[in-house]
Novice: 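Below is a structure I'd like to ask you about.
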Amino acid sequence: MTVPTHSLRLDKVERFFAQGEERLTILDGADFEIFPGEMVALVAPSGAGKSTLLHIAGLLEKPNAGEVYIDGEACGSLDDQRRTLMRRQSIGFVYQFHHLLPEFSALENVMLPQMIAGLEHKEAAERSRQLLDYMRIGPRAAHRPAELSGGEQQRVAIARAVANSPHVLLADEPTGNLDPTTAGYVFDALTALVRQSGVAALIATHNHELAGRMDRVITLEAGKIVPYLIG
Ligand SMILES: Nc1ncnc2c1ncn2[C@@H]1O[C@H](COP(=O)(O)OP(=O)(O)OP(=O)(O)O)[C@@H](O)[C@H]1O
């Protein structure tokens with residue numbers, strides 16, 4: 001029998017912080033898995049631990065206990081170099097604020113992670129152009145972030161996040177600072193990319209309307225992952 005590999009799986013993840021003599025537990029046995037091409041919304045009140053969960057899933061932070069599996073590979077025992085490599089090759093991040101490099105053009109911002117990963121300039125430029133076209137901002141490729149609207153900047157950030165064809169896409173309020181119309185079309189572009197690339201996507205959002213359009217909605221309750229019903 002073949003054991004299916006899951007693009008992203010968290011197994012009994014615990015995260016706590018010392019608070020004086022007390023222990024502040026944020027994640028208390030958080031378990032879930034997201035399959036290739038699946039889009040999962042994470043909806044939870046402020047302070048529930050969404051960013052902590054995304055940081056752990058993205059190998060930016062280590063859990064106190066439990067394991068993160070990317071494509072079936074346990075990440076807890078990876079040394080720092082392998083962790084960094086795994087993060088660069090397999091995980092894409094989109095944040096609420098785009099974090100584009102201001103001195104570079106849209107095209108260069110999308111090219112950079114590919115060049116860091118070792119791609120030739122020509123190939124990186126070609127792929128970046130295709131991604132920007134796909135996000136419908138091809139004509140703005142030469143513009144710097146300050147010359148783009150918020151929605152355009154966020155579409156560049158999404159193109160950059162998927163530039164290295166990650167298997168896991170993590171987004172923290174990707175449409176949080178956009179007006180509803182812009183949020184809608186940025187979300188549509190994100191959805192199209194997830195469907196087309198087969199990436200496993202976990203998207204933290206306070207926007208119930210957008211959450212309802214994803215395949216599944218989960219929440220954090222007392223540090224555990226539970227299904228969430230919109231409505
Ligand atoms: N390094 C830390 N030391 C102590 N407490 C921390 C640390 N990092 C996070 N916390 C606490 O963990 C809790 C969860 O934080 P987190 O940022 O994950 O929440 P969140 O759900 O993303 O919130 P928001 O929606 O407001 O961004 C908060 O109470 C926060 O203060």
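Hydrogens, waters and symmetry mates are skipped; everything else that's a heavy atom, side chains included, is used. When a ligand or atom number is given, it counts from 1 through the structure's own listing order.
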Novice: If you measure from atom 19 (O) of ligand 1 to every heavy atom of Ala44, Gly49, Pro45, Ala18, which option wins on shortest distance?
Specialist: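 Nearest heavy atom to atom 19 (O) of ligand 1 lies in Gly49.
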Novice: Counting only non-hydrogen atoms of the protein, does one fall under 4.0 Å from atom 13 (C) of ligand 1?
Specialist: yes
Novice: Is any side-chain heavy atom of Leu78 closer than 4.5 Å to one of Met86?
Specialist: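 A side-chain contact under 4.5 Å exists here.
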Novice: Whether Glu38 and Arg216 form a salt bridge (side-chain N of Lys/Arg under 4.0 Å from carboxylate O of Asp/Glu) is what I want to check.
Specialist: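 Yes, this pair counts.
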Novice: Please state which part of Thr52 comes within less than 4.0 Å of ligand 1, counting heavy atoms only: side chain, backbone, both or neither.
Specialist: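 Looking at Thr52 and ligand 1, atoms from backbone and side chain both fall under 4.0 Å.
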Novice: Quick one: look up the protein heavy atom nearest atom 11 (C) of ligand 1 and list residue, atom name and how far away it is.
Specialist: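 For atom 11 (C) of ligand 1, the nearest protein heavy atom comes out as Ile26 CD1, 4.0 Å.
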Novice: What residue and atom, counting heavy atoms only, is the protein's closest point to atom 25 (O) of ligand 1, and at what distance?
Specialist: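 Minimum-distance protein heavy atom for atom 25 (O) of ligand 1 reads Lys50 NZ, 2.7 Å.
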Novice: Nearest heavy atom to atom 22 (O) of ligand 1 wins, so pick from Ala48, Ser51, Gly47, Ser46.
Specialist: Ser51
Novice: What's the shortest distance from atom 9 (C) of ligand 1 to any protein heavy atom, and which residue and atom give it?
Specialist: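 Ranking protein heavy atoms by distance from atom 9 (C) of ligand 1, first comes Phe17 CE1, 3.7 Å.
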Novice: So how far is it from Leu60 CG to Ser51 OG, rounded to the nearest 0.5 Å?
Specialist: 11.0 Å
Novice: May I ask you to check whether His55 and Phe93 place their ring centres under 6.0 Å from each other?
Specialist: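 No, the ring centres sit 6.0 Å or more apart.
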Novice: Output the list of atoms in ligand 1 that are nearer than 4.0 Å to some heavy atom of His206, sorted by atom number.
Specialist: 25 (O)
Novice: Parallel, tilted or perpendicular, judged at 30° and 60°: which one describes the rings of His99 and Tyr95?
Specialist: perpendicular
Novice: Is there a path from Met111 to Leu148 through hydrophobic residues (I, L, V, M, F, W, Y) whose side chains come within less than 4.5 Å of each other?
Specialist: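 Yes, one cluster joins them.
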Novice: Is Gln19 in contact with ligand 1, taking contact as a heavy-atom separation below 4.0 Å?
Specialist: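 Flag not set, Gln19 not near ligand 1.
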